[in-house]
Asks: 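My structure is below; once you've seen it, I'll send some questions.
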Amino acid sequence: MRNRLLYFLLPLSLLFFSYKENTHRELQFENDKVKVWKTIIYPGSPLKFHRHDQNRVIVGLKGGKLLKVEEDGSKSDLIFEDHKAYYLESDPPGELHADINTENYPIEVIVMEFKD
């Protein structure tokens, strides 16, 4: 009986503790032409308001759906599929947005931002 309880509780505890990390960016490479980083967006830990001043390519490593929330309250979906690349233009001047992971698992992307 005790072993059965452990087999039941162990997977639940791993699920509970596995997403207590915060969304973050990890710099991968940078030179005078491009900046590349990996972003991991955890459920319940959104990317805070920010903007992109440069055009960029995003590659879904572990894709999913993000809810993009503009400062004015408008919302749109950003959907990234695993192993697919997407081109996104720079944000309009002065506009900020936040990104919220609507999945129940972390979303991982590589962002390549062009400097010129």
Side-chain angles (χ1 to χ4, degrees):
M1 177 70 168
R2 193 172 177 186
N3 285 340
R4 285 186 197 171
L5 185 61
L6 284 176
Y7 286 120
F8 176 74
L9 291 178
L10 182 60
L12 286 179
S13 66
L14 291 174
L15 180 64
F16 178 75
F17 291 109
S18 63
Y19 300 129
K20 293 300 177 187
E21 296 189 44
N22 290 321
T23 291
H24 62 278
R25 293 177 174 166
E26 302 167 2
L27 183 64
Q28 304 290 305
F29 174 81
E30 184 171 12
N31 64 18
D32 59 335
K33 303 230 182 258
V34 67
K35 182 175 183 179
V36 180
W37 66 88
K38 178 180 179 180
T39 301
I40 303 173
I41 307 122
Y42 288 90
S45 180
L47 272 171
K48 296 179 177 146
F49 280 101
H50 64 282
R51 57 175 287 100
H52 300 278
D53 292 319
Q54 307 296 329
N55 297 334
R56 63 209 179 279
V57 170
I58 298 177
V59 178
L61 299 177
K62 185 169 186 182
K65 184 166 74 170
L66 295 175
L67 180 63
K68 182 179 178 185
V69 181
E70 307 289 344
E71 275 187 305
D72 67 5
S74 61
K75 299 173 184 171
S76 59
D77 289 333
L78 294 172
I79 299 172
F80 299 107
E81 294 182 43
D82 293 356
H83 314 292
K84 293 218 175 178
Y86 303 86
Y87 177 81
L88 297 173
E89 301 269 335
S90 61
D91 293 333
E95 291 187 17
L96 300 174
H97 68 274
D99 299 307
I100 301 168
N101 180 348
T102 61
E103 307 290 359
N104 59 1
Y105 55 85
I107 294 172
E108 298 180 26
V109 296
I110 293 287
V111 180
M112 293 165 270
E113 184 177 76
F114 305 105
K115 293 186 176 182
D116 37 359

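If you're wondering where the values come from, they're calculated on a predicted model, not measured in any experiment. For the numbers below, each heavy atom of this structure counts, side chains included, while hydrogens, waters and symmetry mates do not.
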Asks: Count I, L, V, M, F, W, Y as connected when their side-chain heavy atoms are under 4.5 Å apart, and connections chain through other members. Are V36 and L47 then in the same cluster?
Replies: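 As far as the 4.5 Å side-chain criterion goes, L47 and V36 are not connected within one cluster.
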Asks: List in chain and number order the residues that pass side-chain contact (heavy atoms from CB on, under 4.5 Å) with L66, two or more places apart in sequence or in another chain; answer none if no residue qualifies.
Replies: I41, L78, F80, D99, N101, I107
Asks: Could you pull out all residues at least two apart from L88 that satisfy side-chain contact (heavy atoms from CB on, under 4.5 Å)?
Replies: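 Applying side-chain contact (heavy atoms from CB on, under 4.5 Å) to L88 gives R56, I58.
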Asks: Inspect the contact between E113 and K115 and indicate whether a charged nitrogen and a carboxylate oxygen are less than 4.0 angstrom apart.
Replies: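 No, no charged N to carboxylate O under 4.0 Å.
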Asks: Starting from the C-alpha separation in whole Å, work towards a yes-or-no answer on side chain to side chain contact (heavy atoms under 4.5 Å, CB included) for W37 and R25.
Replies: CA-CA 6 Å; W37 66 88; R25 293 177 174 166; 3.6 Å; yes
Asks: Can you sort out the partners of E26 under side chain to side chain donor-acceptor pair (under 3.5 Å), two or more places apart, ordered by chain and number?
Replies: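 Applying side chain to side chain donor-acceptor pair (under 3.5 Å) to E26 gives H24.
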Asks: Using 4.0 Å as the upper bound for N to carboxylate O, is an ion pair formed by K38 and E108?
Replies: yes
Asks: Is there a path of hydrophobic side-chain contacts, each under 4.5 Å between heavy atoms, that joins Y86 and I110?
Replies: no
Asks: How does the hydrophobic cluster around F49 look, that is, which other residues are in it when side-chain heavy atoms under 4.5 Å mark a link?
Replies: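 Same cluster as F49: L96.
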Asks: Would you please name every residue forming a salt bridge (charged side-chain N to carboxylate O under 4.0 Å, His left out) with E81, sequence neighbours left out?
Replies: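 Residues passing salt bridge (charged side-chain N to carboxylate O under 4.0 Å, His left out) with E81: K84.
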Asks: Is there a path of hydrophobic side-chain contacts, each under 4.5 Å between heavy atoms of I/L/V/M/F/W/Y residues, joining M112 to L27?
Replies: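 No; M112 is not reachable from L27 via cluster members.
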Asks: Between T23 and Y42 (side chain of the first, backbone of the second, donor and acceptor by atom type, cut-off under 3.5 Å), is there such a pair?
Replies: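 Answer holds: yes.
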Asks: Search all heavy atoms of I40 against all heavy atoms of P106 and return the closest pair with its distance.
Replies: CG2-CB, 4.0 Å
Asks: Excluding sequence neighbours, so at least two apart, what forms ring-ring contact (aromatic ring centres under 6.0 Å, His included) with H50?
Replies: H52, H97
Asks: Out of curiosity, K65 NZ to D77 CG, how far, rounded to the nearest 0.5 Å?
Replies: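 If we round to the nearest 0.5 Å, K65:NZ and D77:CG are 4.5 Å apart.
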